[in-house]
Amino acid sequence: MTRPVGSRPPSVKEWRLSLYLSEHDPDTTARIVLDTGDNVMETRAEARRNPYDTAVPEIGDELAAGRALIALGRELLRAAAGDIDAVGAPEATPPAPLWTSRE
């Protein structure tokens with residue numbers, strides 16, 4: 001995904017992220033498309049309202065979008081790890097977990 005720094009002129013980058021929400025009560029689906037200019041990544045996630053809960057569409061939007069953003073973040077980290085391996089530079093420290101288990 002990434003070219004070595006020596007082959008790129010210094011510049012400001014703009015990545016475009018589009019977030020699409022689709023509601024089909026009780027389900028909400030979020031689709032995220034990230035265009036980096038070099039690559040396009042896409043993730044999806046869902047949220048489902050319990051039929052006994054009050055319908056508050058914003059909650060489904062927030063849950064589905066948040067889950068899709070987390071999935072996109074994981075994809076970006078995997079892509080970076082692959083790029084690090086490709087250039088032969090091992091990761092200095094393992095990445096911190098996004099959350100810890102309760103004990």
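The model shown is predicted, which means the values in this text are computed figures rather than measured ones.
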Salt bridge flag under 4.0 Å for residues R44 and E46: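 E46 and R44: not salt-bridged.
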Between R49 and A55, which heavy-atom pair has the shortest distance, and what is it?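 Residues R49 and A55, closest heavy atoms: CD-CA, 3.7 Å.
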Name the residue from V33, L72, D35 that meets the side-chain contact (heavy atoms from CB on, under 4.5 Å) definition with L17.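 It is L72; the other options fail the test.
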Closer than 3.5 angstrom, by distance alone: can the side chain of T28 be matched with the main-chain N or O of A47 as a donor-acceptor pair?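 Checked: no pair found.
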Could you tell me whether the side chain of R31 and the main chain of E42 form a donor-acceptor pair under 3.5 Å?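 Not at all, since once roles are kept as given, no pair shorter than 3.5 Å links the two residues.
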[atom2] on [Y] to [atom1] on [X], rounded to 0.5 Å:
X	Y	atom1	atom2	value
I32	E75	CD1	CD	10.0 Å
L19	L21	CG	CG	4.5 Å
T29	E23	OG1	CD	9.5 Å

Linking I/L/V/M/F/W/Y whenever any side-chain heavy atoms sit under 4.5 Å apart, do L63 and L69 land together?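 Unlinked, L63 and L69 end up in two clusters.
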Hey, are the side chains of L76 and M41 touching, using non-hydrogen atoms and a 4.5 Å cut-off?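 With C-beta onward as the side chain, the pair touches.
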